[in-house]
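Letters A, B, ... mirror the listed sequences (proteins, then strands); counts begin at 1. These numbers come from a predicted model, not from an experiment. Hydrogens, waters and symmetry mates are skipped; everything else that's a heavy atom, side chains included, is used.
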Protein chains: 2
Amino acid sequence: MSSIRQIISIGELARRADCKPETVRYYERIGLLRDALRTEGGQRRYGEDAVRRLTFIRHARDFGFSVEAVRELLAMSDQPDMPCQEVDAIARHHLEKVESHLQRLSALRDELQRMITQCAGGKVENCRIIEVISDHQLCISENAHGGSRLAQGVPSVD
Amino acid sequence: MSSIRQIISIGELARRADCKPETVRYYERIGLLRDALRTEGGQRRYGEDAVRRLTFIRHARDFGFSVEAVRELLAMSDQPDMPCQEVDAIARHHLEKVESHLQRLSALRDELQRMITQCAGGKVENCRIIEVISDHQLCISENAHGGSRLAQGVPSVD
DNA sequence: CTAAACCTTGTAGCAACTACAGCTTCAAGT
DNA sequence: ACTTGAAGCTGTAGTTGCTACAAGGTTTAG
């Protein structure tokens, strides 16, 4: 817990947390990671604590937490004495979003599957996919989970 | 099908396709919508064809298709004689992405639910949420669906 | 005819990175 | 000890898909 040796380069750190050095520098710049110790030549050196912190950040980001949410989570975990109500609140809020995304995504999956089975190698003229997108019924299920503007909030899956 | 009267203003068009005038102008600029006819004073005027096209674009975007994918779909639907193999391919490719996102998101939902039930108002020190994020097992399921770099591709749910 | 509501262009901003360019430093081999 | 090549440095600009101004011009309803 206390024997932190700063021996890891930024590239090694990035590799261990499955991201890129640029991302590490970016996180430092925006204050998610503390300023690293430097070698005489000015290169960053990290310890295991940084690996843990960065891994936490990457996991939280992968989970879909925004950078600001991650910042809050980190601030909280930096003060282990505070009650975790807030952490709970963030998680609950997040769960709601995740569940509505899940609904929309699974509706989309069903449509795509329907598209693919129905588009049996004809011409575009008769292609159900274009049709399904044009007047898709998903709008109904979109409105079913709250009615407000969520059109922009869908995961991009290019 | 052929009686197109250019009577709709950009605001009206945007309202009908559930987006904003800025978005319409943006789509025009990047070439998803054709240049609109103008009034003497220089304002854009549209017909029902534009409503359909824009609605298609918005739906496709809501479905999670990238702008480039939408561009391809539009190009295809503009040539109804071509075989729809390509449309099919795009949809299949898309389906894969959607399914992996679904897996990740539902794993996340389970974790969040677990977090919330286990974080029963204690202190951050004992908070399972931080812990779960720190060394979550989702990494395993991440690797299960292909093993390649998908970490960046997760929906943001802030 | 006037005033509100709408439209115009152009530019800048947002998140969350990512990618350069042009240079310096480090580590490993000889 | 010296060289070489990979990796690191800073700073800036690009990415995607919009969104938000500012500073004016046009339309339309009363």
Side-chain angles (χ1 to χ4, degrees), chain A residues 6-33 35-46 50 54 57-72 74 97 149-158, chain B residues 6-33 35-46 50 54 57-72 74 97 149-158:
Chain A
Q6 312 292 141
I7 45 168
I8 303 172
S9 71
I10 193 170
E12 178 64 19
L13 172 65
R15 229 167 290 123
R16 290 229 221 161
D18 197 20
C19 66
K20 301 183 177 180
E22 285 93 337
T23 310
V24 176
R25 285 190 281 260
Y26 171 69
Y27 287 158
E28 182 183 299
R29 208 162 63 236
I30 66 171
L32 285 193
L33 293 174
D35 288 8
L37 295 185
R38 302 289 186 128
T39 62
E40 296 223 336
Q43 298 194 355
R44 291 168 180 84
R45 287 297 179 268
Y46 301 91
L54 180 55
I57 296 169
R58 289 309 308 160
H59 284 169
R61 294 284 304 116
D62 283 356
F63 265 165
F65 290 91
S66 72
V67 164
E68 284 321 301
V70 174
R71 199 190 296 280
E72 289 176 48
L74 283 171
K97 303 267 191 165
R149 292 290 309 106
L150 274 163
Q152 243 61 257
V154 146
S156 115
V157 203
D158 76 290
Chain B
Q6 311 293 140
I7 47 168
I8 302 172
S9 72
I10 194 171
E12 179 64 20
L13 172 64
R15 231 167 286 125
R16 291 228 221 162
D18 196 21
C19 66
K20 301 185 179 181
E22 285 92 338
T23 311
V24 177
R25 285 190 280 261
Y26 172 70
Y27 288 158
E28 183 183 299
R29 206 162 63 237
I30 65 172
L32 285 193
L33 293 175
D35 287 7
L37 295 185
R38 303 290 185 128
T39 63
E40 295 223 335
Q43 299 194 355
R44 289 167 180 85
R45 288 296 180 270
Y46 300 91
L54 180 56
I57 296 170
R58 290 308 308 158
H59 284 169
R61 294 284 303 116
D62 284 356
F63 266 164
F65 290 90
S66 72
V67 164
E68 283 322 300
V70 175
R71 199 188 298 280
E72 289 177 49
L74 283 171
K97 302 268 190 159
R149 295 286 311 108
L150 276 164
Q152 244 59 261
V154 146
S156 115
V157 202
D158 77 289

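- Put simply, the side chain of B:Val24 reaches to within 4.5 Å of the side chain of B:Tyr46, judged on heavy atoms.
- Taking A:Glu72 as the reference, A:Met76, A:Ile90 meet the side-chain contact (heavy atoms from CB on, under 4.5 Å) condition, with sequence neighbours excluded.
- Rounded to an integer number of Å, the gap from CG of A:Leu32 to P of C:dC17 is 9 Å.
- With rounding to whole Å, A:Ile30 atom CD1 is found 13 Å from C:dC14 atom P.
- Note: CD (B:Glu22) to C1' (C:dC14) measures 14 Å, nearest angstrom.
- Listed by chain and number, the residues in a side-chain contact (heavy atoms from CB on, under 4.5 Å) with B:Leu37 are B:Gln6 (sequence neighbours excluded).
- For B:Thr39 and D:dT27, the shortest distance from a side-chain N or O to OP1 or OP2 is below 4.0 Å.
- B:Leu54 has its CG atom 16 Å from the P atom of D:dG17, to the nearest Å.
- Put simply, CD on B:Glu40 is 15 Å from P on C:dT8, counting in whole angstrom units.
- Rounded to an integer number of Å, the gap from NZ of B:Lys20 to P of D:dC18 is 12 Å.
- If you take OH of A:Tyr26 and P of D:dT15, they are 17 Å apart, rounded to a whole angstrom.
- Remark: A:Glu40 pairs with no residue by the side chain to side chain donor-acceptor pair (under 3.5 Å) rule, at least two apart or across chains.
- Side-chain nitrogen and oxygen atoms of A:Arg61 include none within less than 4.0 Å of the OP1 or OP2 phosphate oxygen of C:dA15.
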message: Can you build the contact string for nucleotides 2-13 of chain D? Use B for base contact, S for sugar-phosphate-only contact, and - for no protein heavy atom under 4.0 Å.
response: ------SSB---
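- Remark: A:Ser9 engages A:Glu12, A:Arg45 in a side-chain contact (heavy atoms from CB on, under 4.5 Å) (not counting sequence neighbours).
- By the side chain to side chain donor-acceptor pair (under 3.5 Å) test, A:Arg71 is found to be paired with A:Glu68, residues two or more places apart in sequence or in another chain being considered.
- Taking side-chain N and O atoms only, A:Tyr27 has a distance below 4.0 Å to OP1 or OP2 of C:dC17.
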